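The structure appears below as structure tokens.
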Amino acid sequence: MPTLICDCNKTMPLQAKALGAALGEPLTLHSTLCRREAGAFQQAIRSGDEVVVACTQEKRLFAELGTQTEGAVSPVRFVNIRETGGWSRDAAQAMPKMAALLAAARLPEPEPVVTVTYKSSGRLLVIGPLEDAERAAAMLADVLDVTLFAQGGAGAQERRYPVLGGRIDSLAGWLGAFELKWSQGNPIDLDLCTRCNACVAACPEGAIGLDYQVDMDKCQSHRACVKACDAAGAIDFGRTPQAATENFDLVLDLRAAPAFAQHAPPQGYFHWDGRELATLLKLRELVGEFDKPKFFNYKQKLCAHSRNETVGCKACIEICSALAISSDKSRQQIKVNPNLCVGCGACTTVCPTGALTYTYPRANEQGLKFKTLLSAYAGAGGKDAALLLHSQERGQALVQDLGRAAQLGQAQGVPARVIPVAVWHTASTGIDLWLSAIALGARQVAVLVTREEAPQYIEGVKAQMDVAQTILNGLGYTGSHLQLLWADAPADLDRALQALAQTRQGGPATPARFAVGQEKRGTLEMALDHLVEHAPARPEAIALPAASPLGTIAVNKDKCTLCLSCVSACPASALQDNPQLPQLRFIEKNCVQCGLCASTCPEDAITLQPRLLLTPARKEARVLNESQPYGCVRCGKPFGTLKAIEAMLGKLAGHSMFQGQALERLKMCGDCRVIDIYSAQNEAKITDL
């Protein structure tokens with residue numbers, strides 16, 4: 001795979017030999033690859049091999065060159081080594097990082113993912129004051145089919161667009177499938193109204209405005225308007241409110257309070273303050289058929305949300321900023337609406353079991369990228385690598401702006417040991433990938449958050465970071481390995497990165513070799529095994545914060561009757577029974593701390609204890625409670641536990657229906673109870689009545 005590097009008019013101190021040695025490929029240093037030396041690019045793309053170009057600024061120019069080059073058949077990939085390292089105060093020490101970025105650019109493209117399709121024919125609903133709605137419509141009507149929903153205001157005399165009016169009852173849906181429900185309760189029917197203004201002139205209270213609706217708070221029932229509208233017949237105060245429904249593809253909301261209060265509204269919905277024209281430009285482009293990735297994969301059998309209509313884990317529902325996840329406890333599952341999902345991945349980060357997994361990219365693909373970056377960095381002589389995870393939009397723009405500021409002498413730039421990694425969303429990686437990165441050789445993983453992220457995303461990521469950091473510190477690895485960096489401007493990011501660069505953290509002496517898998521718990525176990533194996537300290541257990549997906553349970557033996565309802569509720573097979581004996585057994589490695597066992601237990605005998613046990617007992621079944629079997633007083637066959645039968649007898653002994661022989665039957669197995677009922681001589685039978 002040919003790699004083309006350019007020092008951008010000698011503004012970067014690139015070391016071609018060092019980079020070539022790290023990549024196993026002889027490299028030629030260019031200074032004007034996009035200008036005088038463009039022939040080198042044209043020659044490379046005729047080779048048929050994939051070509052890596054270490055420049056993102058001139059992607060468009062290189063694409064045009066490709067179309068103009070005869071025999072150009074090579075796919076081209078672009079990677080930024082300039083703003084990410086070449087334009088920084090310590091650029092001379094950034095060769096290992098650049099080698100890592102170039103190595104990662106050579107990775108195969110991720111496997112295609114399932115897509116979600118939207119279809120829009122351009123039916124736009126504009127909600128707001130009539131004059132504002134008409135102004136917006138005038139800028140969109142040439143490409144969109146516009147309908148207005150008046151919320152007061154004064155419209156133009158000429159009716160250029162259909163106008164609806166009344167009380168909005170609900171607005172729901174997404175791009176191509178919005179449903180508006182409203183009630184037409186106003187005396188003036190806008191379909192019949194001719195905008196002759198006779199009613200406006202006739203109303204003595206001024207209760208009718210140029211939105212052609214009656215303000216019922218001002219109306220004094222003179223009905224002069226009805227007389228003035230006699231010919232058109234558009235006004236009827238006796239008309240009963242009519243419910244109406246209509247479908248739209250797009251919604252532009254001009255009201256002060258948006259229709260959707262969540263942080264991530266449905267795609268196709270825009271709340272506009274009337275200033276940023278970019279919103280209108282986006283609307284103009286949303287006609288046709290659109291595909292987006294289906295960002296998640298859901299495995300119900302792993303889900304800890306519900307068992308027997310009892311709710312346990314709700315982490316994904318509570319964190320979703322798009323309200324795309326809902327509970328379906330009757331079917332023991334959650335429901336994720338792929339049309340509402342915006343791909344943040346926060347649900348997969350907080351999911352303790354891995355029932356929800358992120359697919360864009362998949363965890364194994366992201367893990368391979370981390371491993372490639374870290375191994376190439378170390379192979380080129382780099383030390384103390386830090387991964388900076390940032391979004392592909394605001395985060396990436398900040399990194400690039402910081403690089404330019406550094407080149408102009410206004411900032412320090414991205415430190416040599418900090419490797420920027422773009423992700424679709426910063427909430428899409430979690431404890432399994434972070435700890436894997438530390439095991440694979442990173443000393444730090446920093447997540448850059450900006451005003452893009454919803455508050456609950458930041459809280460969720462921080463909570464998971466606290467768990468992972470507690471584990472690392474508990475194992476004796478010094479320092480702060482996981483950090484959230486807050487920045488809204490290049491100067492903010494510069495300060496945060498310089499503070500990060502001045503700290504040093506402990507880590508495994510030998511990088512791990514395992515491959516990150518798609519299954520979350522399996523990857524987490526491999527990372528933990530490696531970190532424990534090389535840990536400076538190994539206590540018996542590490543107490544963890546409440547958000548931990550790892551832990552044990554405590555069973556109050558005085559309360560527990562061994563009914564084993566917790567066993568049937570456990571989604572992870574952490575709780576098990578013993579077919580041979582009345583025992584409750586537990587495998588701590590499987591526990592996800594979902595709480596279903598505690599909420600299911602009728603005796604409230606179970607409490608959760610977040611922790612990481614470091615002894616071999618973590619992977620072994622241990623007995624939490626056991627009891628003697630209770631034998632049938634008639635045939636001797638065990639049919640329950642001593643504690644459960646005694647508890648039942650104690651509760652029912654005072655009941656009028658369980659006196660004498662009836663109470664004694666409770667001590668019998670099911671077969672003997674039937675025999676005893678039919679053989680008893682003193683029992684009243686229906687045939688005797």
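Only this structure's heavy atoms are used, side chains among them; waters, hydrogens and symmetry mates stay out. All of these numbers come straight from a predicted model, not from anything done at the bench.
Shown here is Arg331, whose CZ atom has no more than 12 heavy atoms of other residues, nucleotides or ligands within 6.0 Å. Summarising the local packing, NZ of Lys314 is surrounded by 12 or fewer heavy atoms from other residues, nucleotides or ligands at distances under 6.0 Å. Atom NZ of Lys294 has more than 12 heavy atoms from other residues, nucleotides or ligands within 6.0 Å. The neighbour count for Gln262 CD, taken as heavy atoms of other residues, nucleotides or ligands under 6.0 Å away, is above 12. Residue Glu179 places its CD atom among more than 12 non-hydrogen atoms of other residues, nucleotides or ligands, all under 6.0 Å distant. More than 12 non-hydrogen atoms from other residues, nucleotides or ligands lie less than 6.0 angstrom from CZ of Arg394.
Between Gln366 and Val423 there is a side-chain heavy-atom pair separated by less than 4.5 Å. When side chains are defined from C-beta on, Pro549 counts as touching Val467, because their heavy atoms get closer than 4.5 Å. Side-chain contact between Thr607 and Ile553 is absent, with no heavy-atom pair separated by less than 4.5 Å. Inter-residue side-chain proximity for Pro266 and Phe178 is flagged as met; some heavy-atom pair is nearer than 4.5 Å. Here the side chains of Leu252 and Leu280 are in contact, with some heavy-atom distance below 4.5 Å. Counting heavy atoms from C-beta on, the side chains of Val516 and Phe370 never come closer than 4.5 Å. Looking only at side-chain heavy atoms (C-beta outward), Arg284 and Met139 stay at 4.5 Å or farther from each other. The shortest distance between side-chain heavy atoms of Leu340 and Leu323 does not fall below 4.5 Å.
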key: side-chain contact (heavy atoms from CB on, under 4.5 Å) evaluation trace for Ser121 with Asp145   = CA-CA 8 Å; Ser121 58; Asp145 180 11; over 6 Å; no
(Q) Could you go through Ile319 and Tyr457, starting from their C-alpha distance and side-chain angles, then the distance that decides it, and tell me whether this counts as side-chain contact (heavy atoms from CB on, under 4.5 Å)? (A) CA-CA 6 Å; Ile319 203 170; Tyr457 291 169; 4.0 Å; yes
- [ ] Tell me, with the steps shown, if Trp434 and Leu387 meet side-chain contact (heavy atoms from CB on, under 4.5 Å).
- [x] CA-CA 10 Å; Trp434 300 332; Leu387 297 181; over 6 Å; no
Next on the checklist: Run Gln505 and Leu472 through side-chain contact (heavy atoms from CB on, under 4.5 Å) and show every step you take.
Outcome noted: CA-CA 10 Å; Gln505 288 69 36; Leu472 291 168; over 6 Å; no
Let me see the working for Asp169 and Ser183 under side-chain hydrogen bond (donor to acceptor under 3.5 Å, both in side chains), right down to the final yes or no.
-> CA-CA 7 Å; Asp169 298 321; Ser183 300; 2.7 Å; yes
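Judged purely by atom type and a 3.5 angstrom limit, Ser428 has no side-chain atom pairing as donor or acceptor with the backbone of Gly345. Between the side chain of Asp132 and the backbone N or O of Pro129, no donor-acceptor pair lies under 3.5 Å. A donor-acceptor pair is defined here as one N or O able to donate and one able to accept, closer than 3.5 Å; such a pair exists between the side chain of Tyr269 and the backbone of Ala259. Side-chain N or O atoms of Thr523 include one that pairs as donor or acceptor with a backbone N or O of Gly517 at under 3.5 Å. At least one donor-acceptor pair under 3.5 Å links the side chain of Thr353 to the backbone N or O of Leu302. Within the 3.5 Å criterion, the main-chain N or O of Val421 finds no donor-acceptor partner in the side chain of Lys369. Using modelled atom types, one side-chain atom of Tyr358 and one backbone atom of Gly343 make a donor-acceptor pair closer than 3.5 Å. Between the side chain of Tyr298 and the backbone N or O of Ile334, at least one donor-acceptor pair lies under 3.5 Å. Counting only distance, with no hydrogens or angles, the side chain of Tyr118 and the backbone of Asn339 share a donor-acceptor pair below 3.5 Å. Of the possible donor and acceptor atoms, one in the side chain of Arg521 sits under 3.5 Å from a partner among the backbone N and O of Lys589.
For the pair Gly395 and Glu452, the tightest heavy-atom approach, listed with the atom from each and the gap, is N-OE1, 4.0 Å. Minimum heavy-atom separation, Leu440 to Gly367: CD1-O, 4.4 Å. Of all non-hydrogen atoms in Pro352 and Val592, the two that sit nearest each other are CB-O, 3.5 Å. The two residues Gln469 and Leu482 have their closest heavy-atom pair at OE1-N, 3.1 Å. When every heavy atom of Gln444 is checked against every heavy atom of Ile438, the shortest pair comes out as N-CD1, 4.1 Å. Of all the heavy atoms in Leu356 and Cys347, the pair that sits closest is CD1-CB, 3.8 Å.
The distance from the SG atom of Cys351 to the CG atom of Asp432 is 10.0 Å, given to the nearest 0.5 Å. To the nearest 0.5 angstrom, Asp253 atom CG is 8.5 Å from Gln151 atom CD. Here OG of Ser375 is found 11.5 Å from CZ of Arg513. Values are rounded to the nearest 0.5 Å. A distance of 10.0 Å separates CG in Leu250 from CG in Leu125, rounded to the nearest 0.5 Å. A distance of 15.5 Å separates CH2 in Trp272 from CZ in Arg255, rounded to the nearest 0.5 Å. One finds the CG atom of Leu388 at 10.0 Å from the CG atom of Leu398 (value rounded to the nearest 0.5 Å).
Gln464 and Thr349 share no side-chain donor-acceptor pair at under 3.5 Å. No side-chain N or O of Gln333 forms a donor-acceptor pair with one of His305 less than 3.5 Å apart. Side-chain polar atoms of Thr359 and Asn297 form no donor-acceptor pair below 3.5 angstrom.
In summary, Glu50 and Arg77 engage in a salt bridge, as defined by a charged side-chain N under 4.0 Å from a carboxylate O. Residues Arg123 and Asp249 are paired through a salt bridge, judged by an N-O separation under 4.0 Å between the basic side chain and the carboxylate.
Considering Thr450, Val449, Leu493 in turn, Val449 is the only one that fulfils the side chain to side chain contact (heavy atoms under 4.5 Å, CB included) rule with Trp486. Among the candidates Thr429, Ile419, Leu485, the single residue satisfying the side chain to side chain contact (heavy atoms under 4.5 Å, CB included) test with Leu389 is Thr429.
Two rings, from Tyr360 and Phe295, have their centers less than 6.0 Å apart.
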